[in-house]
Visitor: 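One structure coming up, written as structure tokens, with questions to follow.
For ligands, and for the atoms within them, numbers begin at 1 and follow the listed sequence. A quick note: this is a predicted structure, and the numbers were derived from the prediction, not measured.
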Amino acid sequence: MKIIAFTGAGISQESGLNTFRDKGGIWDQYDLNEVCNFFRLHKIKKMPEEREKIFAFYNLLKDKIKEAEPNKAHLEIAQWQKKYGTDNVKIITSNVDDLFEKAGCINVLHVHGTLNKMHCFQCGHEWESDLNHNYRCVKCESRLTKPGVIFFGEKAPNYAIMNNWCNHKNFTENDYRVVIGSSLNVIDAHTILQKHRNSYSKDSYNILINKDRTDQDHLFDKVLHGKATEEIFKVSAVIFSSRLNVKLGVAQVSSLNSYFQISFCHEFA
Ligand code: APR
Ligand code: ZN
């Protein structure tokens with residue numbers, strides 16, 4: 001069985017990290033258009049003073065991330081990897097925090113990069129670094145550097161890997177694509193689900209866990225509107241429901257809904 005978890009800012013919200021588009025989120029505190037504008041590569045190249053603003057934004061975020069601990073949703077997905085192996089449980093996130101790594105997850109694909117790296121435009125070098133203010137590249141000494149995250153308008157370098165992981169050829173029956181805590185405004189989860197949707201095996205499932213409804217709910221076989229740290233256990237019960245079938249003597253539960261109904265009525269009554 002294969003599971004791919006796509007996660008957005010909502011999975012880290014219960015660890016105390018702000019989401020972007022919720023009320024009081026990051027885009028309530030910063031003007032998104034201004035950020036989009038000054039977070040542009042050409043801006044950094046021409047206006048190094050813009051860099052101060054960018055590093056101030058990310059250093060603030062970085063300090064919050066340092067204090068944050070993984071929550072039950074991160075830890076449960078780490079359990080999925082332990083139970084089924086890191087080759088069968090892949091994690092893709094648009095988050096720049098390291099909460100999956102802190103939870104013990106392996107091979108996490110950060111499609112928007114991470115904040116524990118710096119990137120040099122001059123020579124392309126990337127190095128582990130606490131965001132600092134000398135900005136100098138450790139390799140070529142250039143000052144044209146930025147935090148190792150994707151800026152607006154930049155192509156996500158890991159997009160090809162993400163697309164390959166989600167290719168319909170990799171999914172057979174009883175495989176799951178689980179999206180957790182994303183408004184699906186930006187993360188490419190829904191574009192990839194749409195792209196492969198008609199060729200995915202009809203016995204593989206798209207599940208969405210999100211506190212609020214999204215414009216992409218229709219893409220999913222099952223939508224759980226609620227907190228990631230609670231809904232994740234319902235998904236675990238379904239995914240690992242082989243023991244449940246035995247317990248209920250259910251030889252073959254034909255559809256995901258019946259899985260959820262049976263497991264919920266049984267496990268979550
Ligand atoms: N449990 C489950 N879902 C939650 C929780 C929670 N505790 N808290 C919030 N959510 C949901 C919200 O309902 C919202 O739909 O998480 C979603 C977060 O949406 P966004 O803030 O838009 O974050 P995300 O989808 O990850 O997109 C963020 O957009 O601006 C870019 O680069 C930025 O990577 C970032 C991306
Ligand atoms: Zn360099």
Visitor: Can you tell me the angle formed at the Zn ion (ligand 2) by SG of Cys120 and SG of Cys137, to 10°?
Guide: 110°
Visitor: Considering only heavy atoms of Glu14, which atoms of ligand 1 have at least one such atom less than 4.0 Å away?
Guide: 1 (N), 6 (C), 7 (N)
Visitor: For the pair His168 and His196, name the ring-plane relationship: parallel under 30°, tilted 30 to 60°, perpendicular over 60°.
Guide: tilted
Visitor: Considering only heavy atoms, which of His112, His110, Arg213 lies nearest to atom 34 (O) of ligand 1?
Guide: His112
Visitor: What angle sits at the Zn ion (ligand 2) between SG of Cys140 and SG of Cys123, to 10°?
Guide: 120°
Visitor: So Tyr176 and Lys2, do their side chains get closer than 4.5 Å, heavy atoms only?
Guide: no
Visitor: Testing the 3.5 Å rule here: is there a donor-acceptor pair between the side chains of Glu101 and His110?
Guide: yes
Visitor: Below 4.0 angstrom from a heavy atom of Gln13, which ligand 1 atoms are there? Numbered from 1 as shown, please.
Guide: 5 (C), 6 (C), 7 (N), 8 (N)
Visitor: Using a 4.0 Å heavy-atom threshold (strictly under), name the region of Lys211 that reaches ligand 1: side chain, backbone, both or neither.
Guide: both
Visitor: Out of Gly8, Ala228, Gly181, Ser15, whose heavy atom is nearest to atom 18 (C) of ligand 1?
Guide: Gly181
Visitor: Under the 3.5 angstrom rule, does the side chain of Thr114 hit a backbone N or O of Val96 as a donor-acceptor pair?
Guide: no
Visitor: What heavy-atom pair brings Asn71 and Ser12 nearest, and what distance separates the two atoms?
Guide: ND2-CA, 4.2 Å
Visitor: Do Ile106 and Tyr84 sit in the same hydrophobic cluster, where Ile, Leu, Val, Met, Phe, Trp and Tyr count as joined when their side-chain heavy atoms come under 4.5 Å apart?
Guide: no
Visitor: Measuring from atom 15 (O) of ligand 1, which candidate in Thr214, Ile232, Asn210 has the nearest non-hydrogen atom?
Guide: Asn210
Visitor: Examine ligand 1 and decide if any of its atoms is less than 4.0 Å from a heavy atom belonging to Gly226.
Guide: yes
Visitor: Quick one: list whatever passes salt bridge (Lys or Arg N to Asp or Glu O under 4.0 Å) with Lys102, sequence neighbours left out.
Guide: Asp98
Visitor: Any atom of ligand 1 sitting under 4.0 Å from a heavy atom of Ile209?
Guide: no
Visitor: If the cut-off is 4.0 Å to any non-hydrogen atom of Lys227, which atoms of ligand 1 fall inside it?
Guide: 1 (N)
Visitor: Using a 4.0 Å cutoff against the non-hydrogen atoms of Ser94, which atoms of ligand 1 qualify?
Guide: 26 (O), 34 (O)
Visitor: Checking Thr214 now: which residues fulfil side-chain contact (heavy atoms from CB on, under 4.5 Å) with it, not counting sequence neighbours?
Guide: Leu184, Leu208, Asn210, Gln216, Asp217
